[in-house]
Amino acid sequence: MPPELYYLSNFHKGLDWLVERSADLLDDAERAFIERFSGLAQASQALLVRMIMRKGPHFRASKLTYPEIGCPREAAAPLLDSGWLDTRAGLSLAELFEQLRKDELARHLPAARPHGRLKKNELLDLLAAQHPAPRPFTEWCPALDDPLYSLTVGALCERLRLMFFGNLRQDWSEFVLADLGIFRYERVEIGPESRGFRHREDLDTYLAIQCCRDDWEAGQPLQEVLAALRGLDCQNPYLARRRDKVLFRIAQQLERDAELEHALELYGECRYPDARKRRVRVLERLNRPTEAHALALEAQRNPENQAELQLIERALARLDRQLGLGKRVRPVETPVARLDLTLPARGECVELAVARHLSTADAPVHYVENSLVCSLFGLLCWEAIFAPMPGAFFHPFHSGPTDLYSADFRSRRAEVFARCLQRLDDGAYRSHLRQVYAAKQGIQSPFVHWGALDETLLDLALRCIPAAHIKAWCLRLLDDLRANRAGMPDLIQFWPAEGRYRMIEVKGPGDRLQDNQRRWLAFCAEQGMPVEVCYVQWATA
DNA sequence: CGAGCCAGCG
DNA sequence: TTCACACATTCAA
DNA sequence: GAATGTGTGTCTCGCTGGCTCGCT
Ligand SMILES: [Mn+2]
Ligand SMILES: [Mn+2]
């Protein structure tokens, strides 16, 4: 195939991949599409792929000029025969406005002529009421010799894309971007049985959840959306989580709208980890302290995560007081060192102001937030994160394993992780990290932020941070990757000559520690790591 | 006519 | 097409 | 102090050309 048709060749690679691994997932229409597509003339195939990758679904022939395809009308003819393109699709006025330039609107829409000074969307608002019904493009503009092709297989192609990538946020341009080295992905052995969806129903359920979310965001009646969501059978835990996330979002909105009873019902229905703490809060707001208290106690005995526990403890303190129960003893927290600064207000953000103020030639300060610890973890455990576990990788464009945030992520890779962490005990980690840093440079990873980690920073970190500290961080991360990958202090300062460092969380006037920041600070303090909170006041001029 | 936005592109 | 963080507002002791 | 709401920057690249809109 000629190199100009690289995108067509990539699309074929995608289709071949699906046929090879997911043939049994395809429905009749998808199978027929793939079959028929390959029999088309190359120019027609290429045109269709161009359209699939563009915004759509309507395209004017004059906007489909490609040297490698030639005459768009010729190329489109077989696609029209197949019914994959349509020239009679109805266009709403809004859609028509997207297809016509302003001067064309004036020419083809008599009603628009007297309003030349209006902006395009003002004109649309003005005329919307007069033209409620959709009409084919040829009826809107009979005088225009420029056919409009509407893609009718858009939804089918979206399903194929979902089947290939396992999500809807990646698209077929991944192929060329990876080829050009713009997106770089780790090469992972992908078994022939690896694929994004095991059963057709899972794929359909994924799409149904997505559809419910879109409907809800588009303002569809709540009862209908909820009925659709509840009717879905989510055996697959990944899908169940996706559905529960939508339910949770809806409940949150209800809570905001003060529909507390309804929100409570929905929170109770979903397994989303944050749902229970919201239920406690809603019960409090409903003035049902006894129930809130009982639920809080249950959560305290068996918390979903540390974030929940943190909120629950605070709720229990309130509820105990309200119910006239005894005072709770506050667990003693290791104190965190405090630093107070008054700095001249220049236009820069507080973190940078403090960094500049504290930084010296012998002790440079870096503004790293989560990136440093996450990057060190990502480099140290690279082989574990990209270990070729069954199902974790199923196409060549993954930035991380699909089960990264599932509960058994670590245990499934226990041995590899143990080996990675072992390097911190036997001193091999320094050379190993440098080696991985050089070898994997620029390759997508869920933890390594290449833009934030230059060689200087890595050297300073390796020179100044004890292996035991890195190990404690990694173990804490592994404990709950989703929750603990955020909340780390803003700044880190290194004293390379002395081989020491300190971390600093900066708080400007009016800013306060967030829950996840308090957990990281408490952890570091307990472990005897050097960490401080720096409160900044602006000097009054 | 120029600034600014955004789809398209490789 | 989210996520992490800072910043603002409100409420209750 | 706590809870809650809102705003901001990221937008995984970097460039180009078409289009809109406001200005002169
Ligand atoms: Mn910060
Ligand atoms: Mn901060």
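Heavy-atom basis, side chains included; hydrogens, waters and symmetry copies ignored. Since we're looking at a predicted model, the values are computed, not measured. Labels below follow one simple rule: chain letters A, B, ... track the order of the sequence lines, proteins then strands, and each chain is numbered from 1.
- Using a distance-only test at 3.5 Å, with no hydrogens or angles considered, a donor-acceptor pair links the side chain of A:Tyr437 to the main chain of A:Leu453.
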Verdict with reasoning, A:Phe397 to A:Phe175, per ring pair (Phe, Tyr, Trp, His ring centres under 6.0 Å): CA-CA 8 Å; A:Phe397 312 106; A:Phe175 284 80; 4.8 Å; yes

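- Within a heavy-atom distance below 4.0 Å of DNA chain D, the residues of residues 310-318 of chain A found are A:Arg314, A:Arg318.
- With P as the reference atom, B:dG10 and D:dG5 are 46 Å apart, rounded to whole Å.
- Every residue two or more places apart in sequence or in another chain was checked for a ring-ring contact (aromatic ring centres under 6.0 Å, His included) with A:Phe183, and none qualifies.
- The salt bridge (charged side-chain N to carboxylate O under 4.0 Å, His left out) with A:Glu255 is formed by just one residue from the set A:Lys277, A:Arg285, A:Arg279; it is A:Arg285.
- Residue A:Arg278 is in sugar-phosphate contact alone, with no base atom involved, counting any heavy-atom pair closer than 4.0 Å across all strands shown.
- The side-chain hydrogen bond (donor to acceptor under 3.5 Å, both in side chains) search around A:His262 returns none, not counting sequence neighbours.
- Every residue meeting the ring-ring contact (aromatic ring centres under 6.0 Å, His included) condition with A:Phe409, not counting sequence neighbours, appears here in chain and number order: A:Phe417.
- Residues meeting the ring-ring contact (aromatic ring centres under 6.0 Å, His included) test with A:Phe137, sequence neighbours left out: none.
- Less than 6.0 angstrom separates the ring centroid of A:Phe11 from the ring centroid of A:Trp172.
- Within 4.0 Å (heavy atoms only), A:Arg518 reaches sugar-phosphate atoms of the nucleic acid but no base atom.
- Salt-bridge check for A:Asp146 with A:Arg60: passed, with a basic side-chain N closer than 4.0 Å to an acidic carboxylate O.
- For DNA chain B, the contact window with chain A, defined by any atom under 4.0 Å from a protein heavy atom, covers B:dA7 to B:dG10 in 5' to 3' order.
- Closest of all the heavy-atom pairs between A:Ala43 and A:Ala75 is O-CB, 3.9 Å.
- Within the structure, the salt bridge (charged side-chain N to carboxylate O under 4.0 Å, His left out) test picks out the following pairs touching residues 165-188 of chain A (sequence neighbours left out): A:Glu186-A:Lys440.
- For DNA chain D, none of the residues of residues 3-11 of chain A falls under the heavy-atom distance limit of 4.0 Å.
- A:Tyr66 comes within contact range of the sugar-phosphate backbone alone, with a heavy-atom separation under 4.0 Å but no base atom that close.
- Across D:dC15 and C:dT1, the matching C1' atoms stand 23 Å from one another, rounded to whole Å.
- Bracketed by its first and final contacts, the part of DNA chain D lying under 4.0 Å from non-hydrogen atoms of chain A reaches from D:dG1 to D:dG22 in 5' to 3' order.
- Separating the P atom of D:dG9 from that of B:dG8 is a span of 27 Å, rounded to the nearest Å.
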Criterion salt bridge (charged side-chain N to carboxylate O under 4.0 Å, His left out) on A:Asp274 and A:Arg482, from CA distance to verdict: CA-CA 13 Å; A:Asp274 289 352; A:Arg482 200 194 285 273; over 6 Å; no

Distance-only criterion, 3.5 Å: show the donor-acceptor pairs between side-chain atoms of residues 331-341 of chain A and protein atoms not counting sequence neighbours.
residue  : atom : partner  : partner atom : Å
A:Arg338 : NE   : A:Asp340 : OD2          : 2.8
A:Arg338 : NH2  : A:Asp340 : OD1          : 3.0

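- A residue-by-residue look at A:Gln444 and A:Glu255 shows that A:Glu255 has its nearest nucleotide of DNA chain D further toward the 5' end.
- Contacts of A:Arg184 with the nucleic acid, taken as non-hydrogen atoms under 4.0 Å apart, are absent.
- Residues A:Arg249 and A:Glu217 are not paired through a salt bridge, judged by the lack of any N-O separation under 4.0 Å between the basic side chain and the carboxylate.
- Comparing C:dA6 with D:dT10, their C1' atoms are spaced 15 Å from each other, to the whole Å.
- A:Gln306 CD: 12 or fewer foreign heavy atoms inside a 6.0 Å radius.
- The shortest distance between side-chain heavy atoms of A:Val350 and A:Trp538 falls below 4.5 Å.
- Along DNA chain D, the nucleotide closest to A:Lys102 and the one closest to A:Arg285 are compared, and the more 5′ of them pairs with A:Arg285.
- A donor-acceptor pair under 3.5 Å is absent between the side-chain atoms of A:Ser359 and the main chain of A:Arg356, judged by distance alone.
- Listed by first residue number, the stems of DNA chain D with at least three Watson-Crick or G-U pairs below 3.5 Å are B:1-10 with D:13-22, C:3-11 with D:1-9.
- Between A:Phe393 and A:Tyr185, the distance separating the two ring centers is not shorter than 6.0 angstrom.
- In this structure, the side chain of A:Glu313 does not engage the main chain of A:Gln310 through any donor-acceptor pair within 3.5 Å.
- Comparing B:dC9 with D:dT8, their C1' atoms are spaced 30 Å from each other, to the whole Å.
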Under 4.0 Å protein heavy-atom contact, by nucleotide of nucleotides 1-8 of chain C - B base, S sugar-phosphate only: S-SSSBS-

